[in-house]
2 protein chains.
Amino acid sequence: MPDTTAAFIQHDHSACQSKALAYVTEQCAAKGLRLTEARRRVLEILLESHTALGAYDVLQRLNTEGYSAQPPIAYRALDFLVEHGFAHKVERISAFVACHFPGQCHAPAFLICRSCRTVAESRSARQVNPLQADAQAMKFSIEDTNVEAEGLCQSCQSEQGA
Amino acid sequence: MPDTTAAFIQHDHSACQSKALAYVTEQCAAKGLRLTEARRRVLEILLESHTALGAYDVLQRLNTEGYSAQPPIAYRALDFLVEHGFAHKVERISAFVACHFPGQCHAPAFLICRSCRTVAESRSARQVNPLQADAQAMKFSIEDTNVEAEGLCQSCQSEQGA
DNA sequence: AATCGATATGTTATCTTATAACAATATCGA
DNA sequence: TCGATATTGTTATAAGATAACATATCGATT
Ligand SMILES: [Zn+2]
Ligand SMILES: [Zn+2]
Ligand SMILES: [Zn+2]
Ligand SMILES: [Zn+2]
């Protein structure tokens, strides 16, 4: 039974935002992780929508807030968020999205619209790692898996695609 | 039942090579595609092993053969091979591998060793697109899917990993 | 064989993405 | 307060990818 974020349909996105931010705040407190100013701001920027942002997009956003930051600032914050499962890197488009199933996150699975860069995260698709059987058979130890499908969301299909 | 390339175990690799090259040659003839000198050379370079090569690795190989090529030469050849399913891009490591199941290729699935960059392609893991149900539910049209698992192959585990 | 459109290559320059390296600060427990 | 550890600031550069345009090649048509 499909179970994805509501990225492609109208929804109460402020609920997405507050839920994720609350979870991350709580997790950081619980695990002694430091959710510093820069890290929190980057997370908030990612949480503004379900659109994937490049590291330099994030950087530009920081800089329009008087922040005067260089690339490592953005990459470090993003690395922190990704390392702890609060955000994901979407490999196909070298971009980042906030995680909307934090705490339940193993192998993220995404539907990526190539036109509007909106990304829906799927919970159902990542319950079973499709490569697990192969890995076991060859004694390969999997550390991280990504499943990504690129295409067109419904509304971009209507607009003929890009 | 697992079914991957023998990338991580000893095998008769010349069979991998000749089979793939023969198939590509035949397909190009059948479909009127032009397997030019540069494209064939790049394919042969990729086929030398099951190790993923970056575009600039390929370029360097071309140049050590007197070829004097610039980046677009490599990227164009790689794009041609990827477009027709003769090679794949491994997104996680921005690198390319020859396809070892040409003609049966839909959504490629890979086991990627982060230490030696060897890549095993799985046929079984891609029979069913794990995101298909989600896509249908939200009327998202999938054009291309990649499934990638990174970790350590058996022999790199023995060496403690990197 | 000459012509012509389409495809592919050669070449230069530039853009985007990501990290190395090291100095300066801040944090937090002993 | 001290000192180890983690974080930030800053400069420079590495690595990956493409834009743009000139030239050459291919292959069908006359
Ligand atoms: Zn939302
Ligand atoms: Zn879209
Ligand atoms: Zn082989
Ligand atoms: Zn290995």
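Basis for what follows: all heavy atoms, side chains included, without hydrogens, waters or symmetry-related copies. Below, chains carry the letters A, B, ... as their sequence lines are ordered, and counting in each starts from 1.
To the nearest angstrom, P of D:dT18 lies 15 Å from CD1 of B:I73. When rounded to the nearest whole Å, the span between CG of B:L35 and P of D:dC26 equals 14 Å. Put simply, CD on A:E91 is 12 Å from P on D:dA17, counting in whole angstrom units. If you take CG of B:L78 and P of C:dT9, they are 12 Å apart, rounded to a whole angstrom. Summarising the geometry, the separation between CG on B:L53 and P on D:dA15 is reported as 16 Å, rounded to the nearest angstrom. Distance, A:L59 CG to C:dT17 P: 11 Å, rounded to whole Å. For A:D57 and C:dT16, the CG to P distance is 10 Å, given to the nearest whole Å. Between B:E83 atom CD and C:dT7 atom P the separation is 12 Å, expressed in whole Å.
When both distances must be under 3.5 Å, the Watson-Crick or G-U wobble mate of C:dA30 is D:dT1.
Expressed to the nearest 0.5 Å, how far CG of A:L62 lies from CD1 of A:I73 amounts to 8.5 Å. Here B:Q154 contributes atom CD and A:S141 contributes atom OG; the two are 10.0 Å apart, rounded to the nearest 0.5 Å.
With DNA chain D read from its 5' end, the first of the two nearest nucleotides for A:F80 and A:Q70 is the one closest to A:F80. Nucleotides of DNA chain C nearest to B:P71 and A:R34 differ in position, and the one nearer the 5' end is that of B:P71.
With C:dT17, D:dA17, C:dG10 as the candidates, the nucleotide lying closest to the side chain of B:A55 is D:dA17. Each of D:dA17, C:dA8, D:dT8 was ranked by its minimum atom distance to the side chain of B:F96; first place goes to D:dA17. Relative to the side chain of A:P72, the nucleotides C:dT9, D:dG16, C:dT19 differ in distance, and C:dT19 lies closest.
Contact check on A:R41 versus A:E37 returns no salt bridge, with no Lys/Arg side-chain nitrogen under 4.0 Å from an Asp/Glu carboxylate oxygen. With salt bridges taken as basic N to acidic carboxylate O contacts below 4.0 Å, none links B:E150 and B:R114.
Phosphate proximity of D:dA17 to B:K89: present, with a side-chain N or O under 4.0 Å from OP1 or OP2. The side chain of B:Y75 contributes an N or O atom lying less than 4.0 Å from OP1 or OP2 of D:dA17. Here A:R76 does not reach the OP1 or OP2 of D:dG9: none of its side-chain N or O atoms lies under 4.0 Å away. Phosphate proximity of C:dT9 to B:T36: present, with a side-chain N or O under 4.0 Å from OP1 or OP2.
The aromatic ring centroids of A:F8 and A:H50 lie 6.0 Å or more from each other.
The base of D:dA14 lies outside donor-acceptor range of the side chain of B:Y56, with no N or O pair under 3.5 Å.
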